[in-house]
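Notes to accompany the following structure.
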2 protein chains.
Amino acid sequence: MPFLENIEYDNLIDEFKTVLKKNSLKFTKQRETILQTLYNFPGHFLPEEFYLLIKENNPKSNIGIATIYRTLNLLEDSDIVTTISFGKNGKKYELANKPHHDHIICKNCGLILEFEDKNIEKRQNDIALKNGFILTNHIMQLYGICPQCQKKLNKKEI
Amino acid sequence: MPFLENIEYDNLIDEFKTVLKKNSLKFTKQRETILQTLYNFPGHFLPEEFYLLIKENNPKSNIGIATIYRTLNLLEDSDIVTTISFGKNGKKYELANKPHHDHIICKNCGLILEFEDKNIEKRQNDIALKNGFILTNHIMQLYGICPQCQKKLNKKEI
DNA sequence: CTTCGTGCAAAAACTTTGCAAATTG
DNA sequence: CAATTTGCAAAGTTTTTGCACGAAG
């Protein structure tokens with residue numbers, strides 16, 4: 001598929017190729033498709049969901065679920081992808097290289113929203129400074145019940 | 001087993017009994033053992049690890065892995081236990097009821113400091129509200145380099 | 001052309017479920 | 001006693017692996 005120029009995406013591919021080269025691994029059609037999907041569909045997906053997403057969007061590619069698992073693991077090990085997991089759901093994968101954001105996660109259905117808050121980030125920096133740390137990054141996840149599930153759960157209790 | 005008085009533990013048991021009563025469930029030997037283990041071994045454990053831990057510490061109790069899974073799920077649903085999953089590992093369980101704190105972690109030496117910041121907590125609540133979530137808890141970890149390691153690393157670079 | 005990757009199917013690992021017997025309230 | 005729970009084994013799920021063929025460097 002022809003795409004417009006996209007430096008961000010090209011950088012991502014370059015990053016991946018560098019990792020591959022460093023480990024004498026090969027840049028295959030499947031690995032490219034997976035990275036492309038990761039890039040084109042921002043969000044958090046289970047391996048199975050990637051599998052279906054890729055089948056749907058690349059009908060020709062006869063990709064196997066095993067390849068999805070192998071590639072996601074590779075991408076996770078290389079820090080190109082990060083994972084998050086909560087409640088009943090398994091581990092969900094997302095591109096690591098996105099502008100920084102934190103997560104709000106529904107404990108009931110696993111819905112994940114993203115947010116960013118400069119105020120908190122500044123405060124975190126202050127706390128780190130006060131403790132003499134040089135901060136490099138952070139993880140912040142808020143857990144709760146999303147609006148939809150609040151409704152559902154209320155109904156059940158009647 | 002006779003234990004010293006332990007209000008904290010008793011409260012935990014009471015909390016559990018309340019949940020059980022509310023749902024017409026029963027307080028069994030196995031459920032007690034699991035809660036006791038959760039209390040006596042602070043840390044994050046996989047279901048399998050609980051199973052082994054309990055077998056080791058309660059040789060008489062012939063507890064089944066299915067009961068571990070069933071009870072952990074129950075405890076998670078009741079918010080007595082929370083789960084988290086780091087990297088390769090699956091979901092790990094820990095007691096939720098510990099006094100809340102967040103962490104600053106040194107990426108170099110692993111030093112962990114704890115902190116608490118009302119300001120950030122309030123802000124987190126606001127963010128959750130804005131998204132319609134009812135917040136139950138959160139995880140916040142700041143990663144960086146601690147003062148000691150900063151010195152060490154500077155020397156190395158000379 | 002050598003090495004690595006892939007899909008497939010089988011295996012392993014992990015989690016849930018059905019059931020008869022045991023335990024709890 | 002009635003209702004729930006348990007351990008066990010079987011059934012589901014999810015993830016990994018072995019292998020022969022195909023693709024990449």
Side-chain angles (χ1 to χ4, degrees), chain A residues 13-14 16-37 44-55 58-78 80-81 83-93 110, chain B residues 13-14 16-37 44-55 58-78 81 83-93:
Chain A
I13 292 285
D14 284 348
F16 192 24
K17 284 186 177 170
T18 303
V19 168
L20 293 174
K21 194 160 290 176
K22 193 178 297 177
N23 297 286
S24 319
L25 304 178
K26 292 170 179 178
F27 184 68
T28 65
K29 198 84 196 135
Q30 290 88 336
R31 285 175 176 164
E32 184 177 13
T33 302
I34 291 169
L35 204 60
Q36 213 175 79
T37 305
H44 307 78
F45 299 100
L46 297 168
E48 182 71 23
E49 293 172 330
F50 271 110
Y51 180 62
L52 297 174
L53 205 51
I54 287 175
K55 286 215 142 184
N58 309 61
K60 290 175 205 167
S61 100
N62 184 31
I63 203 166
I65 186 82
T67 297
I68 305 276
Y69 275 100
R70 285 186 281 228
T71 303
L72 287 176
N73 283 341
L74 170 61
L75 289 168
E76 186 182 11
D77 290 342
S78 330
I80 291 176
V81 140
T83 64
I84 192 173
S85 137
F86 187 77
K88 296 288 166 207
N89 305 307
K91 209 158 54 160
K92 291 187 170 184
Y93 295 78
Chain B
I13 292 285
D14 285 348
F16 192 25
K17 284 188 178 171
T18 304
V19 167
L20 293 175
K21 194 159 290 177
K22 193 179 296 176
N23 296 287
S24 321
L25 303 178
K26 292 172 179 177
F27 185 68
T28 64
K29 199 83 197 135
Q30 290 88 335
R31 284 176 177 162
E32 184 177 13
T33 302
I34 290 169
L35 205 58
Q36 211 174 79
T37 305
H44 308 77
F45 299 99
L46 298 168
E48 181 72 21
E49 293 171 331
F50 271 110
Y51 181 62
L52 298 174
L53 205 50
I54 288 175
K55 287 215 142 186
N58 309 61
K60 291 175 205 169
S61 99
N62 183 30
I63 203 167
I65 186 85
T67 298
I68 306 276
Y69 275 101
R70 284 186 282 228
T71 303
L72 287 175
N73 283 341
L74 170 61
L75 289 168
E76 186 183 11
D77 289 344
S78 329
V81 139
T83 64
I84 190 173
S85 130
F86 305 109
K88 291 289 167 208
N89 307 307
K91 203 160 58 160
K92 292 188 167 186
Y93 295 78

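Every heavy atom of this structure was used, including side-chain atoms; hydrogens, water molecules and symmetry mates were not. Labels below follow one simple rule: chain letters A, B, ... track the order of the sequence lines, proteins then strands, and each chain is numbered from 1. For clarity, every value in this text was computed on a predicted model and none was experimentally measured.
The side chain of A/Asn73 contributes no N or O atom lying less than 4.0 Å from OP1 or OP2 of D/dT15. Contact check, B/Asn62 against D/dC8: a side-chain N or O comes under 4.0 Å of OP1 or OP2.
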In 5'-to-3' order, the base (B), backbone-only (S) or no-contact (-) status of each nucleotide in nucleotides 18-25 of chain D, using a 4.0 angstrom heavy-atom cut-off, is B-----BS

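As a whole-Å value, the separation of B/Glu32 CD from D/dT4 P is 21 Å. Counting to the nearest Å, the P atom of D/dT16 and the CG atom of A/Asp77 are 11 Å from each other. Rounded to whole Å, atom C1' of D/dT15 lies 13 Å from atom CD of A/Glu76. Counting to the nearest Å, the C1' atom of D/dT14 and the CG atom of A/Leu72 are 14 Å from each other. We find that OH of A/Tyr69 is positioned 16 Å from C1' of C/dC8, with the value rounded to whole Å. A straight line from CZ of B/Phe16 to C1' of C/dT24 spans 14 Å, rounded to a whole angstrom. Atoms CG (B/Leu20) and C1' (C/dG25) sit 12 Å apart, rounded to a whole Å. As a whole-Å value, the separation of B/Gln30 CD from D/dT4 C1' is 12 Å.
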List the steps and the verdict of side chain to side chain contact (heavy atoms under 4.5 Å, CB included) for B/Glu76 and B/Lys91.
CA-CA 11 Å; B/Glu76 186 183 11; B/Lys91 203 160 58 160; 3.4 Å; yes

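Judged by distance alone, with hydrogens and angles left aside, the side-chain atoms of A/Arg31 form no donor-acceptor pair with the main-chain N or O of A/Thr71 at under 3.5 Å. For the pair A/Glu49 (side chain) and A/Leu46 (backbone), a donor-acceptor distance under 3.5 Å is present.
Proximity of the aromatic rings of A/Phe45 and A/Tyr93 is defined here by a centroid distance below 6.0 angstrom, and this criterion is not met.
Closest contact between the side chain of A/Arg31 and the listed nucleotides C/dT6, D/dT15, C/dC8 involves C/dT6.
Each of A/Leu75, A/Leu53, A/Leu74 was scored for a side-chain contact (heavy atoms from CB on, under 4.5 Å) with A/Ile34, with one residue passing: A/Leu75.
Two residues, A/Tyr51 and B/Ile65, neighbour DNA chain C, and the one matched to the more 5' nucleotide by heavy-atom proximity is A/Tyr51. Mapping B/Gly64 and B/Ser24 onto DNA chain D by nearest heavy atom places B/Ser24 closer to the 5' end of the strand.
Note that B/Lys17 lies in the cation-pi zone of B/Phe27, set by a 6.0 Å cut-off to the ring centre and a 45° limit from the axis.
Among the heavy atoms of the strands lying under 4.0 Å from A/Ile63 are primed sugar atoms or P, OP1, OP2 only; no base atom is included.
Atom CD1 of B/Ile54 is separated from atom OG1 of B/Thr37 by 4.0 Å, given to the nearest 0.5 angstrom.
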